[in-house]
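Below is one structure, written out as structure tokens; comments come after it.
First listed ligand is number 1; within each ligand, the first listed atom is number 1.
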Amino acid sequence: MNSQKVVLITGSSRGIGAASAKLFASKGYSVCVNYKHDQASALNVVKDVQAMGVKCIAVQADVAIESEVEGLFNQIDSELGSITALVNNVGVLQSQMRLQDMNAERINNILTTNVTSYFLCSKYAIKRMSLEFGGNGGTIVNVSSGAARTGSPNEYIDYAASKGAIDTLTVGLSKELAAQGIRVNGVRPGLIYTDMHADGGEANRVDRLKTKIPLQRGGEVEEVAEAIYWLASEKSSFSTGTIIDVTGGN
Ligand code: NAP
């Protein structure tokens, strides 16, 4: 039996995922860094993680595509051992606009990347962790967003709605898996300094909006990683279906 703790963090070549990879490594986990495009950044994360003395691999896979998710999990099985924790962290947004200007291609891309990927990775994690399939249990943490509560009007309702779906997934799946030794929880970050905002067309978005945050500042990726780690660890052993806001008071 593999007693080593193994975590897959989807979308961990940068941002919150990369910070989480380093935090889990510092706690002794073997880590799979997943990415879609940016191999150089993923390999930099791997270098930092390996420097902490734990095993780490980078696997390129578009987690919205089932065959790629299957390949990703098979590679983890053979190179790190079966996973004990899954952090569904991938999330994308596109240029700020009102719903009336969105087309189906954009909406479907947001929904498949932000929602289908969480369902697919959970499916392959369950097949390995669930008592029903001979596993030893485990944890799933879904990274949502404060946008699930605000709806992101005039900016990206599609993104916000995708995160609302993730909160519902967390609640439903936590109940579906409670008897199978798997806890499912979520984290809703607020405005965090990452490159994601540049993808939405406004690199300085956090600084523009930070005075509207009760704590009067944007969040750092490490502050989100702490909540993700706590929910994935045994320290949160009586929590499932819980969603933690890391939003500076918003
Ligand atoms: P980020 O810096 O934009 O990083 C996104 C990561 O996802 C990258 O590593 C990217 O890899 C990867 N990725 C994108 N599409 C992928 C796919 N189809 N398959 C595999 N990997 C893929 O994002 P972040 O700001 O750290 O956000 C992380 C999570 O927190 C997301 O779920 C986001 O919605 C949520 N969140 C962020 C904020 C914020 O203010 N930053 C606020 C609330 C919630 P490549 O670059 O290699 O493609």
Going hydrophobic residue to hydrophobic residue with side-chain gaps under 4.5 angstrom, can you get from V143 over to L191?
no
Under the 3.5 angstrom rule, does the side chain of T194 hit a backbone N or O of G15 as a donor-acceptor pair?
no
Trace of the salt bridge (Lys or Arg N to Asp or Glu O under 4.0 Å) decision for R14 with D38:
CA-CA 9 Å; R14 69 182 200 185; D38 189 355; 5.9 Å; no
Under 3.5 Å donor-acceptor, N34 side chain and I9 backbone
no
Please tell me whether V224 and W230 are part of a single hydrophobic cluster in this structure, the criterion being side-chain heavy atoms less than 4.5 Å apart.
yes
Any idea which residues sit under 4.0 Å from ligand 1, heavy-atom distances?
G11, S12, S13, R14, G15, I16, N34, Y35, K36, H37, D38, A61, D62, V63, N89, V90, G91, V92, T113, Y118, V143, S144, S145, Y159, K163, P189, G190, L191, I192, T194, M196, H197
Going by salt bridge (Lys or Arg N to Asp or Glu O under 4.0 Å), name the pairs with one or both residues in residues 219-230, residues two or more places apart or in two chains.
R217-E223
